[in-house]
Enquirer: 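Supplied in structure tokens, the structure appears directly below.
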Amino acid sequence: MRLRLASFQIWLLAAMLIAGTVGVVGGRFVIARIQHNEEETADRAKDERIARGIAARVAAGAGLEQLQARPSSLRCRTTRSSCTGMGRRSS
């Protein structure tokens, strides 16, 4: 009887350790995903503000020379390392 109880306790401990490990790893993935989505949302909001600013300048009659005066706001959006004008640091 004691042997069965000891075996059960070992299996119970193993199951608890596995469940805890899966929970911690899953939680870290969820947190990382949430942070990534928050960063993307902030980037999109900033891009939208820039686009609205450009649209307002065009609607107000801004010419090509006036729009080219701030080319940094029109630079690429593909990778973080090559975008320096969107408020991002080069990696």
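The chain is numbered in sequence order, starting from 1.
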Enquirer: Return all side-chain donor-acceptor pairs below 3.5 angstrom for residues 5-30, not counting sequence neighbours, or 'none' if the list is empty.
Expert:
residue	atom	partner	partner atom	Å
T21	OG1	L17	O	2.8

Enquirer: To the closest 0.5 Å, what do you measure between NE2 (H36) and CD1 (I34)?
Expert: 12.5 Å
Enquirer: Suppose we screen for side chain to side chain donor-acceptor pair (under 3.5 Å). Which residues come up paired with R52, at least two apart in sequence or across chains?
Expert: E48
Enquirer: Rounded to the nearest 0.5 Å, what's the gap from CG on D43 to CD on E38? Could you check?
Expert: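 CD of E38 is found 12.0 Å from CG of D43.
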